[in-house]
2 protein chains.
Amino acid sequence: MHKPTIEDVAKRANVSIATVSRVINRQGGVRQKTEARILAAIEELNYIPNAVARSMVKKTTNTIGIIIPDVNNPFFPTVVSGIEQKAREKGYFTFLCNTNESADTERELLTILLERSVDGLIITTADEAGDQLQTVMDAKIPVVAVDRAIKKFEVDTVLVGNVDGAYQATRHLILQGHKRIAIICGPQNTTPGYERFVGYKRALDDYGIPVVQEYVLEGDFKEESGRRLTKQLYQLPERPTAIFSSNNLMTVGCMKALYELDWKLGEEVSFIGFDDVDIATFVNPPLTVVSRPMRKLGEVAFEMLYERMTEGWDGAKRHYVLSPELKIRQSCRLK
Amino acid sequence: MHKPTIEDVAKRANVSIATVSRVINRQGGVRQKTEARILAAIEELNYIPNAVARSMVKKTTNTIGIIIPDVNNPFFPTVVSGIEQKAREKGYFTFLCNTNESADTERELLTILLERSVDGLIITTADEAGDQLQTVMDAKIPVVAVDRAIKKFEVDTVLVGNVDGAYQATRHLILQGHKRIAIICGPQNTTPGYERFVGYKRALDDYGIPVVQEYVLEGDFKEESGRRLTKQLYQLPERPTAIFSSNNLMTVGCMKALYELDWKLGEEVSFIGFDDVDIATFVNPPLTVVSRPMRKLGEVAFEMLYERMTEGWDGAKRHYVLSPELKIRQSCRLK
DNA sequence: CTGAAAGCGCTAACAT
DNA sequence: ATGTTAGCGCTTTCAG
């Protein structure tokens, strides 16, 4: 009464296991009648091929690992669903792992994925330095970095134009007459955090507006920091007339703070955020944001990985940069 | 230059592979000195045990499958993170699969999970009848149903009190003096959809309020239906003074409709939703909701599954019902 | 305390 | 067109 194996099927159909294997894998070269008999046996026994055994001999699992730093940030699930859709189409399955921004957790997960012999890895690392990827590189497993680059190793990378997006956002504010523009930055040791600041600075520079230290605050990309820093901005003797928030979660925190402070969005303070958020159209007035093609990011990532996995392509690593888009709603008003 | 195997380690440490296996699995009975030598070899070779090979002989993969119907509904990712945390603690890994409410997709996914020999399955099925689970039952894999029961088979089940929650919500509205209370139902062929309607009806009955057909609308648990049905309600010659929405996504749709219709929340129409939503505190006034212990749901589900997997416990199937909680904010006003 | 050897279920030569 | 057989990397008796 055990799970039926290929041997059970073979016996029942009066053929060898090799022949059964041939029909399971649609390799052809099996007589119609024989095939029919085998198919019938499979049906009768409810036989389901054992993928573990197959992986054992083929040395490939048709499984990829996905590592993201924060499941609670809706950005990542969206990217992941882009990856998964493409993966499923190609017959790949995914292990989705969350590091909570911890480099140690990332290290552990990497080991587990290696043990499980994933065929490839898509990662938004918690530590851009990248030493933790040494084992993966040793194992010669294809890797694609998403949203955050890896310093130590050359790997395929897919990013959005952070500098570009932040520049557009800041310029939008400037063109409306704002001069006292604050930025709530992400961690400056991460690519997105740093680059978005660069875009902000570049726009100010281009329009001859000095960067004021009090208006440049560093958060951690989490909601609470957005809230705290907005309050800090409010305390300033000379309040900014506009705020640029570097990511979605901090934007949510900002909104909560504005509400608590009764600091009137759109009237007393203009606002623009990096990344579109669910709440964007529920606050009043709706938020102008820099939006990223999140699903697309995931789709591109899988496609790059797929090429490496199948073609064993060992060419130069590629950097793919997608363009962000300014979605103008009503949270920015003429100054 | 291939991936090092247990044999490479054995050679290097001058022992047999059996001994290496013993130390990898911490089975003891190996002399200190030998063990040290083996550990050193492992270290030097960067040896990582191959989980596929292990699964092959142990006939267990330490992997469970999770099937959910809709990744875009934030309810499920939250449940999933509850499952995953517990799973990780016990050394289990998860395959997360999304059916998009399609019974066919669910069938396919089930087959894949079976091929991959998952040790257990946690599922919120797209088809409560449950015929598609036949193969899983045949394979004698432990199953836990979450949020939706399975009719055809006895399996461990963890739910929240849908009737209870809907009853509380409706009563809350009634006690504020509302009599014209509309409900936006979920699909009546699903447990949550049906039970929530039952709770609504029971409350009306208990307080002697007749159920008016025009006020009972059936949506599909997706955002757009919430929006459409709210508009339908607005067209009624005698509009309801309160609306009860049966799930989070439809609540979002409702809010959009209210905004578009300029139907004043809290003033012209009171509102209460099943499930807490991110936007609940961003709309004005903030939404009163029935909230469910989502993470807990996942945690309980894994724990039940774990018992079955490890103890091979074959006792009676259990039904675990968690209690919902009314979170009173400000979207319901005295009539 | 350690080793030899028999599989786990399947694929992929190589024969026939 | 089909069968035989040698592994894949590991765990687990069973012997020493």
Side-chain angles (χ1 to χ4, degrees), chain A residues 1-39 41-42 45-63 91 111-112 114-119 139, chain B residues 1-39 41-42 45-63 91 111-112 114-119 139:
Chain A
M1 248 340 287
H2 64 113
K3 248 176 104 177
T5 72
I6 196 171
E7 202 177 334
D8 298 323
V9 176
K11 281 206 184 102
R12 176 145 197 147
N14 257 307
V15 293
S16 74
I17 59 169
T19 308
V20 177
S21 178
R22 285 187 189 101
V23 350
I24 291 172
N25 296 291
R26 299 180 170 69
Q27 290 174 332
V30 176
R31 198 186 305 165
Q32 280 275 337
K33 260 181 83 176
T34 317
E35 171 158 356
R37 221 168 347 120
I38 292 173
L39 256 15
I42 288 176
L45 294 171
N46 282 314
Y47 167 70
I48 294 186
N50 182 329
V52 174
R54 173 181 292 153
S55 293
M56 179 96 228
V57 12
K58 300 198 74 159
K59 307 232 194 202
T60 136
T61 54
N62 273 277
T63 305
T111 304
I112 298 180
L114 250 27
E115 283 178 2
R116 307 227 162 192
S117 307
V118 291
D119 295 340
Chain B
M1 246 341 287
H2 64 114
K3 249 176 104 177
T5 71
I6 197 171
E7 202 177 335
D8 299 322
V9 175
K11 282 207 182 103
R12 178 146 193 145
N14 256 307
V15 293
S16 73
I17 60 171
T19 308
V20 176
S21 177
R22 288 187 186 100
V23 351
I24 291 172
N25 296 292
R26 298 180 171 69
Q27 291 175 332
V30 176
R31 199 188 304 167
Q32 280 275 335
K33 260 181 81 177
T34 317
E35 171 158 356
R37 223 170 344 123
I38 292 173
L39 256 16
I42 287 176
L45 293 172
N46 281 314
Y47 168 70
I48 295 186
N50 182 329
V52 174
R54 172 182 290 154
S55 293
M56 178 97 229
V57 12
K58 300 198 74 160
K59 307 234 194 200
T60 139
T61 54
N62 273 273
T63 304
T111 303
I112 299 181
L114 251 26
E115 284 178 2
R116 307 226 162 194
S117 309
V118 292
D119 294 341

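Quick note on labels: first sequence line is chain A, next is B, and so on, each numbered from 1.
- Scanning residues 24-32 of chain B for heavy-atom distances under 4.0 Å to DNA chain C yields B:Gly29, B:Val30, B:Arg31.
- Within 4.0 Å of B:Thr5, counting heavy atoms only, lie sugar-phosphate atoms of the nucleic acid but no base atom.
- What separates NZ of B:Lys11 from P of D:dG9 is a distance of 11 Å, to the nearest Å.
- The shortest distance between side-chain heavy atoms of B:Asp8 and B:His2 falls below 4.5 Å.
- One atom, CZ of A:Arg22, and another, P of D:dG3, lie 8 Å apart when rounded to the nearest Å.
- Remark: P of D:dC10 and CZ of A:Arg116 are 15 Å apart, rounded to the nearest angstrom.
- For the contact set between residues 49-59 of chain B and DNA chain C, defined by any heavy atom under 4.0 Å, the members are B:Met56, B:Val57, B:Lys59.
- Taking both residues in full, the closest heavy atoms of A:Ser16 and A:Ala10 are given as C-CB, 3.8 Å, listed atom of the first, atom of the second, then distance.
- Between chain B and DNA chain C, the heavy-atom contact criterion of under 4.0 Å yields a 5' to 3' nucleotide range of C:dC1 to C:dG9.
- Between A:Lys33 atom NZ and D:dA1 atom C1' there is a gap of 14 Å when expressed in whole angstrom units.
- The CD1 atom of B:Ile24 sits 7.0 Å away from the CZ atom of B:Arg54 when rounded to the nearest 0.5 Å.
- In this structure the side chain of A:Arg37 never reaches within 4.5 angstrom of the side chain of A:Lys33, judged on heavy atoms.
- Annotation: side chain of A:Thr63 is in contact with side chain of B:Arg116 (closest heavy-atom distance under 4.5 Å).
- Of the possible donor and acceptor atoms, none in the side chain of A:Arg22 sits under 3.5 Å from a partner among the backbone N and O of A:Gln27.
- Nearest approach of A:Tyr47 to A:Thr5, heavy atoms of both residues: CE1-C, 3.5 Å.
- Comparing A:Glu35 and A:Ile17 along DNA chain D, the residue whose closest nucleotide (by nearest heavy atom) sits nearer the 5' end is A:Glu35.
- Remark: side-chain polar atoms of A:Ser55 are paired, donor with acceptor, to backbone N or O of A:Ala51 under 3.5 angstrom.
- B:Val52 and A:Ser117 make their closest contact through CG2-OG, 4.1 Å (heavy atoms, listed as atom of the first residue, atom of the second, distance).
- The interatomic distance linking B:His2 (NE2) with D:dG7 (P) rounds to 15 Å, in whole Å.
- Between B:Ile48 and A:Thr111, the shortest heavy-atom contact is CG2-O, 4.4 Å.
- To the nearest 0.5 Å, atom CD1 of residue A:Ile38 and atom CD1 of residue A:Ile6 are 9.0 Å apart.
- Residue A:Ser16 places none of its side-chain N or O atoms closer than 4.0 Å to OP1 or OP2 of D:dT4.
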